[in-house]
Structures are given as structure tokens and as C-alpha cells.
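As a basis for the values below, the full set of heavy atoms in this structure was taken, side chains included, without hydrogen atoms, waters or symmetry mates. To find a chain, count down the sequence lines: A is the first, B the second, and so on, and within it residues start at 1. None of these values were measured; they are calculated from a predicted model.
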Amino acid sequence: MQLSEKKEPDKGLPALEGAEGGVVMRFAPNPNGPPTLGSARGIIVNSEYVKKYGGKFIIRFDDTDPVKKRPMPEAYGWYLEDCRWLGAKPDMVITASERVEQYYPIAEELIRRGGAYVCGCAQAEFKEHKDRGIECQHRGRSVEENLDLWQRMLDGTVAEGEAVLRVKTDMHHKDPAIRDWPAFRIVTAPHPLVGDKYRVWPLLDFESAVEDHLLGTTHIIRGKDLADSGSRQRYLYEHLGWQYPRVIHWGRIKIHQFGSFSTSKLRKAIEAGEYSGWDDPRVPTVRAMRCRGIRAEALRKFMIDLGVGETDISISMDSIYAENRKIIDPEANRRFFVWEPVALEIEGDVPALAHAPLHPAIDRGVREIPAGNRLFICKSDLAGLKAGEGVRLKDLCNIEIISTEPARARFAGKDVGKRTKIIHWAPADGPKVRVLRPDGMDDGVGEAGISQELGRVVQFERYGFVQVNSVSEPIVAYFAHR
RNA sequence: GCUCCGGUAGUGUAGUCCGGCCAAUCAUUUCGGCCUUUCGAGCCGAAGACUCGGGUUCAAAUCCCGGCCGGAGCACCA
């Protein structure tokens, strides 16, 4: 064996074996909802390898179950949209349900080579055989007989549930999960995309294996739940004389802030009205991240740092937020937003107008905010104040509290003092603002300038970063992070 | 039950293949300090890990055996 020199701490993704001449890689979702953060990992890492080595990145919709994993017609487009947004525009997009035609001749060839047989066992019956390692009576059928039965599956003579096409592996394989697996079954229910064009549908192991070959896939990265799939598919490849791609598995990803989630569970919750939609800030979809002002670059960096370990991991959004903060902090204008607003009456010469910088470190000019003798401050800030105490209203003036109930104060000069407590405020006639958060919502009052920030990420001072998504009354912003 | 696969700080990750340069990398997190007209950013500092037990070896996170813990698969789902 050749010794490779000690590699320097490699940034980014670990090297892929056999990738030097370029790679063909795919991400193959079932489109039954929009991409989640879990999908984002698959999209980002696969496409990143293609960027690194050159080659082709393919999105393949594995939508071959019209019933149990019923695809959602809108979701196909959502995937492409989110891929593009994630900086992972596919070089090729294919949809399995539109390519079933191509699978039939391969099935036939497989039968000719003696690699598959039509099996009429009932499901439970076959499971029994499988568990005990016994070959069923159908396994010994001749090629001719199998071809004939296959035809009858296709032409409708054989009814749904009465037969499957099974790939021969080894009924004595030590792992029962690998023994003769089904490649095609009959489904008469219409498919949401192609209707009743086909009645014989491939199962994932067959469809995926065949497509990987047809597309020239060189490397597969997939969840370890599909680890046994490889062992099954290798038999198919052997029968057909194909070469199996290299495979990497990764563990399941859980996110502290969202717990474990699945697209189908989300779908149910959304249909039940628990969430406002697929971009609700409480939901772990790519589009929700986008609406909250999370940048694709932050997601990419994070997912690439995760690498491709086989352990199940439990991550925290904090790391994504930290990445994102680095990106948006310089871009985001500062604005005042007062949650749980309390009116404060101030006596004296409070300036009628405040001048506050749009950004504390980068000179982008100032914003003018109407002030005066009546302002809003946060209830929690008021709670921390006592009569007689001095405090500075940020970018405006100093005040001295007269009483907290009712909230009254008097003007105490404009000079910025040393180490005085500083709080922010909002004008008496400021617009209502609602912030939707992953953990609830905050209602309050903001400065009028927020309505100029539609579609942009801003920092509500002393609150956090948000994206302004609607500027009609009330203004609606989605919370990103602190 | 059967069959696979994993286990490095709170979280993730590098190092494991090919033992020494590892009293273990980076990020995040938490806590201090400085700075600051934000509880943000920045700067400085600190905290915190090789699952356990044996074995091999001059030398083990790294190799071997066993235990423990965790995960996955065992569908006419993807």
C-alpha cells in the first residue's frame, strides 16, 4: 500500500476517493413537500463536491409511489427554486415517474439473464420464506414463463397485489433484509404527475439503482437508512454486469430547536392549520430560513463544516445563526422596535427629532426619527428603572425618571454621559410592528423607517435581526436570531 | 430476535486508513476583561473531550479482543 503524506488540516469537505477525473452526483428526494434543512444538507454537500471536482450535479425526483408516498405537484418546483437559492443549481433534473418506460426493457433484460422472477406469493407468505431462508415455488420458473407473466403484469391481465417482479439475490444470505427483493409491483391508482400512464411501478431499490447507472453516477451520498439498499442493489448490478458507484452514508440530523421532524409530519401540521405555511418561521424548511433572513452562504458553510460522518448528529441552530450574523451584521440597518410598549411622558425640551446612524460602524448616513414629549419604551426597561434614576434614550437625550406608574420623566440634557444606562424607544405615532418568531411572536411599535426595509434584513436594536416581509399595517417581520 | 454501522469538550468537527510531530484542531457555546450612545459587532483571555476494560508496542485517540452505549435496516414506502 502506498503511503500518502500527512495531509494538512483540510478545509471544507473531505476528499472523495476516485473523484480526480470529475464526478456525477445526485440528490434524489421524494417531492412530498419543500426541502427541509435535512434536504439542504444533501443538496449542498452533493453540489459542493461537484463544484470541487467538476462534473454534474443532478436532481432526481424519486416519485414512484403514487399512493403511500404520494408526491406533491408543487413540490417539484419548490425543490428547484430552493436549490437555486442555495447556490446549487442542478445541471440536470429528472423525474422518475416520467421515465418508467425506460425501466421496462431493463427489467426484461434482467429476466432474460435469469436475475429476476415473477413472484405470486402473498406478502406475508413471502416474508415467512424470507425469514426462514426458503426459496418459494415461483423462484424456479423458466425465463419464458417469467417473460410471459411480466407481460401480463404490464397488460393488465394480472391484478394489483397478485404478483411482483423479484430480483434474485441469495435466499441464504445471512441478512434476511437482502434476500430476493421486489423490484416492481402493480399500482392502479393514478399518479399525481403522470396519471394512469403506468400500472407497473418500480420500487426504490430498482429505480434508484437503474437511474444511478443510466446517469453515470460516480458517487452516492445518502442516509444510512439506505445502507442495506446498496447490498441489495449490488446483486442487480451483478446480474446486469454494471459497476456500482462509490457510496457514502451519513447519519440522521436532528436540530435542537426543531426536534426531529419529517416532511410528512410537517405537512399534516400545516394542513391542520398549526402553521401558517411552509415558510412559517417555526418550521425547519429552507423557505422558512429564507424568509427569516438566513443566508444561503451561512447554510452552505455550516453544512460543509458538518462533513459526512456516519454518526447521528444533533445540531444547534446557534452555529448557523453565528455564521449568518457574520454575513448580515454589516448589511443590516439598525432600527428601533419597542416590544410590549409603554407610553412615557417626558417634561422639558426633548428634541423633536432624533438623528441615529443606520449602522454603528459603517457610515451609511443617519435616520431621522420624530421624538418629542411622548414616546414608547419597553415594559421590561421601565421595570428596571426607579424614580429619580437617570437613563439615556439612545441617540436622543438623557432623562430622569419621575415615576414609573404612570411612566413619567423629565428631560436631563443631551450630552452623552459616561456609563449611563441606555435604552431605545419608539415615536408616539410609530407604526405597529409584529415579529413572528420560531418561539412565538412579539407585538410592538417601531420607527417609521422600517417600512423602507421591505424584503431586507435589519437589526432591531437590543432585540435581534429580522427580515421585514410586509409593510402594510401592521408591519410584519420574521425573526432570524439575536 | 436477525443483520449492519457508529462512539473525540455542552454541540459539531479535524486527527484514526499508514501508531510517534496530539498534554489533541477549528467553529459554536458559556464565563471574564477591554471597547462601544444596542443586551449587537469587534478585540483579549478562560472553561471544556479521546466510551470502558484488557492486549500488542520503546510508544496507542490511532492497531487487536471484549464489554457498554447509541443508531439504522429487516414493506408490493421513499
Side-chain angles (χ1 to χ4, degrees), chain A residues 1-11 14 28-32 62-65 67-71 96 119 121-124 126-127 130-131 160-166 173-179 181-187 201 203-205 207-208 223-232 249 251-253 256 263-264 301-302 305-307 309-323 325-326 329-330 332 334 336 356-357 359-362 380-381 392-398 415-418 420-424 459-465 481-482:
Chain A
M1 184 178 268
Q2 194 74 9
L3 259 69
S4 64
E5 63 284 9
K6 287 275 182 191
K7 44 211 158 186
E8 68 292 353
D10 200 10
K11 272 281 117 199
N30 174 26
N32 59 351
D62 283 351
D63 58 346
T64 52
D65 193 320
V67 180
K68 294 189 184 164
K69 288 274 162 91
R70 179 160 241 264
C119 175
C121 289
Q123 217 168 320
F126 189 83
K127 181 173 167 42
K130 189 172 71 171
D131 288 344
E160 182 165 5
E162 284 191 351
V164 296
L165 184 73
R166 227 175 253 294
H173 195 286
K174 63 178 174 174
D175 184 355
I178 310 305
R179 298 172 189 165
W181 49 273
F184 285 88
R185 85 301 208 185
I186 299 167
V187 183
W201 285 91
L203 286 132
L204 180 74
D205 279 330
E207 179 271 330
S208 175
K224 68 177 181 183
D225 50 322
L226 261 29
D228 288 345
S229 228
S231 312
R232 284 192 287 264
H249 292 113
R252 215 176 154 70
I253 180 168
H256 297 325
T263 306
S264 42
K301 169 93 165 48
F302 176 77
D305 279 353
L306 281 189
E310 208 159 322
T311 342
D312 290 343
I313 55 175
S314 182
I315 58 166
S316 168
M317 288 299 291
D318 286 349
S319 300
I320 295 176
Y321 295 158
E323 274 324 316
R325 189 149 42 223
K326 288 174 195 157
D329 179 65
R334 269 51 175 175
F336 285 157
H359 192 281
I362 302 162
S380 53
D381 281 332
R392 176 156 184 92
L393 295 174
K394 189 163 189 287
D395 301 310
L396 183 64
C397 67
N398 306 315
D415 294 342
V416 178
K418 263 274 175 227
T420 49
K421 187 171 184 176
I422 297 164
I423 63 172
H424 70 293
Q459 188 197 60
F460 285 168
E461 295 199 43
R462 301 177 69 230
Y463 182 77
F465 293 91
H481 48 74
R482 287 197 64 85

Reckon [X] touches a base, only the sugar-phosphate, or nothing at all at heavy-atom distances under 4.0 Å?
X	answer
A/Glu310	sugar-phosphate
A/Asp62	sugar-phosphate
A/Ala322	sugar-phosphate
A/Leu306	sugar-phosphate
A/Gly251	nothing
A/Cys397	nothing
A/Asp175	base
A/Asp329	sugar-phosphate
A/Asp381	base

For the [atom1] atoms, the ones on [N] and on [M], what distance do you get once it is rounded to whole angstrom?
N	M	atom1	answer
B/C26	B/A14	P	14 Å
B/G15	B/U25	C1'	8 Å
B/G32	B/C69	P	39 Å
B/A24	B/G10	P	16 Å
B/G66	B/U29	P	42 Å
B/C76	B/A72	C1'	22 Å

Among [options], the one nearest [X] by side-chain distance:
X	options	result
A/Pro360	B/G40, B/C77, B/G6	B/G40
A/Pro176	B/U28, B/C74, B/A75	B/C74
A/Ser314	B/U37, B/U38, B/U11	B/U11
A/Lys326	B/G40, B/U28, B/A75	B/U28
A/Asp312	B/U28, B/G71, B/G12	B/G71

Practice problem: Would you state whether a donor and an acceptor, one from the side chain of A/Gln459 and one from the base of B/U38, lie under 3.5 Å apart? | Solution: yes

Quiz prompt | A/Ser380 or A/Gly309, whichever maps to the more 5' nucleotide of RNA chain B | solution = A/Gly309

Exercise. Would you mind telling me which residue lines up with the more 5' stretch of RNA chain B, A/Asp318 or A/Phe460, judged by nearest nucleotide?
Key: A/Asp318

Please answer whether the main-chain N or O of [Y] pairs with a side-chain N or O of [X] as donor and acceptor at a distance below 3.5 Å.
X	Y	value
A/His424	A/Asp395	no
A/Arg179	A/His173	yes
A/Arg334	A/Ala332	yes
A/Asn398	A/Asp415	yes
A/Asp205	A/Trp181	no

How close or far is atom [atom2] of [N] from atom [atom1] of [X], stated in whole angstroms?
X	N	atom1	atom2	value
A/Leu226	B/C5	CG	C1'	14 Å
A/Asp228	B/C77	CG	P	17 Å
A/Ile315	B/U13	CD1	P	10 Å
A/Ile253	B/U13	CD1	P	9 Å
A/Trp181	B/C77	CH2	C1'	15 Å
A/Lys69	B/A75	NZ	C1'	10 Å
A/Ile423	B/U38	CD1	C1'	12 Å
A/Ile422	B/U36	CD1	C1'	8 Å

Is any side-chain N or O of [X] closer than 4.0 Å to OP1 or OP2 of [N]?
X	N	answer
A/Lys68	B/C77	yes
A/Arg325	B/U29	yes
A/Arg252	B/G70	no
A/Thr64	B/A78	yes
A/Arg185	B/A78	yes
A/Lys224	B/C4	no
A/Lys174	B/C74	no

Quiz item: Are A/Asp312 and A/Lys224 ion-paired here, with the side-chain N under 4.0 Å from a carboxylate O?
Solution: yes

Self-check item: Any strand: nucleotide that pairs with B/C43 via Watson-Crick or wobble, under 3.5 Å
Solution: B/G33

Quiz item: Looking only at heavy atoms, which two atoms of A/Thr64 and A/Trp201 are closest? And how far apart?
Solution: O-CE3, 3.6 Å

Quiz prompt | Closest non-hydrogen atom pair, A/Pro71 against A/Asp63 | solution = CG-CB, 3.9 Å

